[in-house]
Protein chains: 2
Amino acid sequence: MRMLINVAETVVADALRGMAAAHPELVVDAENRVIVRRDAPVAQKVALVSGGGSGHEPLHGGFVGPGMLDAACPGEVFTSPVPDQMVRAAAAVDSGNGVLFIVKNYTGDVLNFQMAAELAEDEGVQVASVLVNDDVAVIDSTFTAGRRGTGATLFVEKIAGAAAEEGMPLERVEALARQVVASSRSFGVALSACTTPAKGSPTFDLPAGELELGVGIHGEPGRERRAMMTSREIADFAVDAVLEDLDPRLPVLVLVNGMGATPLLELYGFNAEVRRVLDERGVAVARTLVGNYVTSLDMAGCSVTLCQVDGELLRLWDAPVETAGLRWGR
Amino acid sequence: MRMLINVAETVVADALRGMAAAHPELVVDAENRVIVRRDAPVAQKVALVSGGGSGHEPLHGGFVGPGMLDAACPGEVFTSPVPDQMVRAAAAVDSGNGVLFIVKNYTGDVLNFQMAAELAEDEGVQVASVLVNDDVAVIDSTFTAGRRGTGATLFVEKIAGAAAEEGMPLERVEALARQVVASSRSFGVALSACTTPAKGSPTFDLPAGELELGVGIHGEPGRERRAMMTSREIADFAVDAVLEDLDPRLPVLVLVNGMGATPLLELYGFNAEVRRVLDERGVAVARTLVGNYVTSLDMAGCSVTLCQVDGELLRLWDAPVETAGLRWGR
């Protein structure tokens, strides 16, 4: 165990206290586990709420702020948040213009966000929901009916967040979020397992010198296990897996995402290979983001997400964003 | 070996190609290993150049851009860049207003930047240099005469970068950089060793269940090795080590830095403990930055850097910055 923690039971609460200390621009309710932008509710604005198990940081709490989420609900590590958190978040951020729930497709998250939507509607909050299911690796998975939601969540939160910030109505923000989901595909690779605080040892067995192609962000099994491959071979495999399912006629946003323990030096090297494959396949790249954004604790590995974008999606991607985890101005 | 690479020999070159693909706002000369902001040389502006061994990303290449560095020179992994790179970088960014070299205190870096300064001066470039030596852990070290340069490098590059961006003259930018060095102290802790591509196995032996207090950013030995401690205990030890050497009468900037493989969830939890200790010791916090900024490949662990700031340093810290690794507007 090489964790920088006190005890497993307080990992999420401790992180929320530390987040509150670092980010005065956020209201972090560590007791109820809701992270809200300080100026919420923002008048005339549709509010965006997301959440999911902890351990994927900066997703989702690190994406709360102007131009992205209004609130995030962190669950226990790799465990869905509960409906109470979501209802509380929705109430905190709703300006009367409605709330969009952005839900990664895991069974627990789907059920809890569904229940929360009903409860919030009962309290007079208009709620729409969009399900993110971009992972092409497997059809059903350990925690999923249908495809898992992974890297595309960042694209959905950023683009829908920009649309909401511009004052677009709920149905338009929801439609754009759905467009991003429909236009995005991901594929992930694990070079090591990850270790949850509660277990204190690797969550699955991945011998040194092997990798898991198509791994999920909780270490769920993927398509196959192979002997270690080069960055070049992994890029070929991952990008081709994505392109088998997405035939981009428009330029793409590229997310080369680290799972947590793979150095940025390697991620940039991997991006060179991803770009080579895209060039070879005739796919134009509009923008590229490289870094640790949708992580799996201390897992080594990476994922590739592509999202084909028309002019409006690209404009919304480029719009200013000001969060702990993603930030730029124009 | 669980690395996302092709072969060890091309790791840095591959990363630079990937960086070029992701960042059209940079000119990345992969052959000569110089990263330059695309609009350099910027008229009327002092230029900032830094560099060092690769493996610490986003430092330094990820800090090239408006408000921070004009150029960075990446060496091989954990190896100083050569004088040719620095001379080339200086020539590319000098607008006639002089160049400041920001040098971490490692023997190779110091000698090479010194030689580069002489060569650049011969070519008519005015050069000043500032040495960063903030690590209080040990006096001399494996690669160092005197204290090592670590996390404070980020503070120096950001604050001096903002000063240069405002058009301050070389002697003022240099003086501010020296003020930041004099006002900053760091202490690092390793929970695991790191693995260089060339070696392919851990660079030092740190048994599971032990930690190295006072580790350097290349895994150099620190003050002592102990059985695993809690986040709370580590924060007490690290912050007290810093405060033994720095008696802040002004508020401090806090950098809670990840070494590479420690999840952001844990770093935020650690920040809660760092803040607790600072509160107990009566040290006021002006700003806090939590994340992986000065890394050691895939090392697990963290470091704490404090920098006490007057009104001007804080204003320069808050000034806009637009780089791959650090970015905000005001």
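Quick note on labels: first sequence line is chain A, next is B, and so on, each numbered from 1.
- Here A:Arg327 contributes atom CZ and B:Glu322 contributes atom CD; the two are 13.0 Å apart, rounded to the nearest 0.5 Å.
- Taking all atoms of both residues into account, the shortest heavy-atom contact from A:Arg275 to B:Ala21 is NH2-O, 2.8 Å.
- The side chain to side chain donor-acceptor pair (under 3.5 Å) pairs that include a residue from residues 4-26 of chain A are A:Asn6-A:Asp14, A:Asn6-B:Glu273, A:Thr10-A:Asp14, A:Asp14-A:Arg17, A:His23-A:Glu25, A:His23-B:Tyr268, where partners are two or more places apart or lie in different chains.
- Heavy atoms of B:Val7 lying under 4.5 Å from chain A are absent altogether.
- Here the shortest heavy-atom pairing between B:Met3 and A:Leu191 reads C-CD1, 3.7 Å.
- Shortest non-hydrogen contact noted between B:Ala261 and A:Ala261 is CB-CB, 3.8 Å.
- Closest non-hydrogen pair, B:Cys302 versus A:Leu4, comes out as SG-CD2, 3.7 Å.
- For chain B, the nearby part of A:Ile234 is the side chain; its heavy atoms alone come within less than 4.5 Å.
- Contact annotation for B:Ala13: neither backbone nor side-chain heavy atoms come within less than 4.5 Å of a heavy atom of chain A.
- In this structure, CG in A:Asn271 is found 10.5 Å from CE in B:Met19, a value given to the nearest 0.5 Å.
- With a 4.5 angstrom heavy-atom cutoff, A:Pro74 does not touch chain B via any of its atoms.
- Both the backbone and the side chain of B:Pro58 come within less than 4.5 Å of a heavy atom of chain A.
- Between chain A and the options B:Met229, B:Met299, B:Arg232, B:His56, the largest number of non-hydrogen pairs under 4.5 Å is found for B:Arg232.
- Separating the CG atom in B:Leu265 from the OG1 atom in A:Thr196 is a distance of 11.5 Å, to the nearest 0.5 Å.
- Neither the backbone nor the side chain of A:Val274 has a heavy atom closer than 4.5 Å to any heavy atom of chain B.
- Using a 4.5 Å cut-off between heavy atoms, A:Ala190 does not touch chain B at all.
- By the side-chain contact (heavy atoms from CB on, under 4.5 Å) test, B:Thr323 is found to be paired with B:Phe63, B:Met68, B:Val321, B:Leu326, residues two or more places apart in sequence or in another chain being considered.
- Counting all heavy atoms, side chain and backbone alike, A:Leu264 lies closest to B:Glu57 at CB-CB, 3.8 Å.
- Atom OG in A:Ser192 sits 9.5 Å away from atom CG in B:Asp298 (nearest 0.5 Å).
- Only the side chain of A:Thr262 comes within contact range of chain B, with heavy atoms under 4.5 Å apart.
- Put simply, CD on A:Glu266 and CG on B:Leu297 are 7.0 Å apart, with the number rounded to the nearest 0.5 Å.
- For CD of B:Glu31, the number of neighbouring non-hydrogen atoms (other residues, nucleotides, ligands) closer than 6.0 Å is 12 at most.
- Ranked by heavy-atom pairs under 4.5 Å with chain B, the first of A:Pro24, A:Gly258, A:Ser296, A:Ala272 is A:Ala272.
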